[in-house]
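These notes are about the structure you will find just below.
Chain naming here is simple, since letters A, B, ... match the order of the sequence lines and numbering starts at 1 in each.
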There are 2 protein chains.
Amino acid sequence: MLPESEHAITSTDKTFLLLRKDIVEGVISSGSKLSETELSTNYSVSRAVIREAINRLESCHLVESKANVGARVVSISTEGLMELYQVREALEGMAARLAAINMTDDEIADLNTLLGTHFQTVKEGQTYYQEAGDLDFHYRIILGSKNSQLISILMDSIYHLIRMYRVQLGMSGPRVTTAFGEHKQIVQAISNRDAELAEMLMRRHILYSKNSLQLKLSGKLQAKMKAL
Amino acid sequence: MLPESEHAITSTDKTFLLLRKDIVEGVISSGSKLSETELSTNYSVSRAVIREAINRLESCHLVESKANVGARVVSISTEGLMELYQVREALEGMAARLAAINMTDDEIADLNTLLGTHFQTVKEGQTYYQEAGDLDFHYRIILGSKNSQLISILMDSIYHLIRMYRVQLGMSGPRVTTAFGEHKQIVQAISNRDAELAEMLMRRHILYSKNSLQLKLSGKLQAKMKAL
DNA sequence: TATCCCTATATTGTCGACAATTATGGTAAA
DNA sequence: TTTACCATAATTGTCGACAATATAGGGATA
């Protein structure tokens, strides 16, 4: 027998991943209708496969569908993004708390190493940190919570949603300058096994991101008004 | 046109609700396999309908399915229930915070009224408060948050899961005696528009429930050990 | 007896067709 | 011109059949 047989990947899985990618990256724009027949020809699979993929997208909150009418990609709004950040604040705050309790010493050491490499890239003025680095940091803490419910809600649903919002609203990654210091504080708290502080700092970190985002968005709005 | 055409209810919807009911109430026991052909004969619908219903159940975290193998009702464990309560603490804490900000004065008045009727039933020594009353209280605050993401995670997924756990583990409703006082404090905080306190009290309330539950479960475990 | 392999069976994945419902467009009446 | 209605077209919901995969059981070999 194979060492650890991973579960097989079906045609539906591939279609789901493709569709999600296209939605998150804006190839299929927000608010647009998802025609089953059209998609089945475009992606070269039967309607049954498309239907199942759409169902999964719906459970990720990426699309909304009405009976006998069809599915649409969720339409975005500033309020929607703010709602997401509130949920994220609550869940990732709890994740940081649990991570401070449940991460192994080795995992914490790795987290510190990661922070070190980020420090290097920041010092060298590279922009890499902006996207992937921030994600990596948050992922590790979420996984470090060891709470499977928490992990699945954040990783399967919320993160993809936020990424879609970011792309569609034309926002780049999170704030670059100040974020590193906040990350450092959080890792410090986790290293000290200070669960309460870790939660508090993580919540503040996400709240800052939310406020910064809101500021950018209102700026964009004003720019649009001016253009008229 | 009709005044407010609600979305139509399809055969899949009905089957999904039936299946969920049977799983949550233990008619289909936890850990058991969900055979598509068997269910399609039992519920008198095609396999396609069953498949879609199972997919929805999976997105509620009520069943787990592997490709080419099939779906099983999630198997329960004390750890799983504790994980759920941690997520609930984070999300309902945030819900209480947001409710203190976003509920209308009328909604808060209604909440106080509800608390009053609960006080009556408690004073009269009725057990009604145990189940439905507690749920009603929590639902109103969750809805009061006005955060659609938060609402959908809690109402569509977590609450059904917790109910399943309760039934399968043979637990009755939440603690009866002390809970009323905690509810009263929370409503007070919301009435005062004190968001931070509302969150803190709600989190403590859920933490107490969790601890009480854990105690009961370890007691049950000991009783089982004794029986051997 | 225990282990491995192969075959037969059962279950899930995918497909195309038909039924039910909704959206569309044109016609007639006000 | 606007509105209401009806017939047609298009889309989604449901079904049964076939293909692909996993499971179970028996027989051969060590």
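Interface residues of residues 54-65 of chain A facing DNA chain D, ordered by number: none; criterion, heavy-atom separation under 4.0 Å.
Between Arg72(B) atom CZ and dA22(D) atom P the separation is 16 Å, expressed in whole Å. Straight-line distance from the CD atom of Glu38(A) to the P atom of dA23(C): 17 Å, rounded to whole Å.
Using modelled atom types, one finds no donor on one side chain facing an acceptor on the other under 3.5 Å when comparing Asp110(A) with Thr113(A). There is no side-chain donor-acceptor pair under 3.5 Å between Thr78(A) and Gln214(A). A side-chain donor from one of His183(A) and His205(A) sits under 3.5 Å from a side-chain acceptor of the other. Side-chain N/O atoms of Asp22(A) and Tyr43(A) include a donor and acceptor closer than 3.5 Å.
Residues Gln168(B) and Ile23(B) share a closest heavy-atom pair of NE2-O, 3.9 Å.
Test Arg97(A), His138(A), Arg203(A) against Glu92(A) for side chain to side chain donor-acceptor pair (under 3.5 Å) and you get one pass: His138(A).
Looking only at distances, a side-chain donor or acceptor of Ser145(B) sits under 3.5 Å from a matching main-chain atom of Ile142(B).
Other residues, nucleotides and ligands contribute over 12 non-hydrogen atoms within 6.0 Å of the NZ atom of Lys33(A).
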Nucleic acid footprint by protein, nucleotides 12-17 of chain C - heavy-atom cut-off 4.0 Å, B for base, S for sugar-phosphate alone: BBBB-B
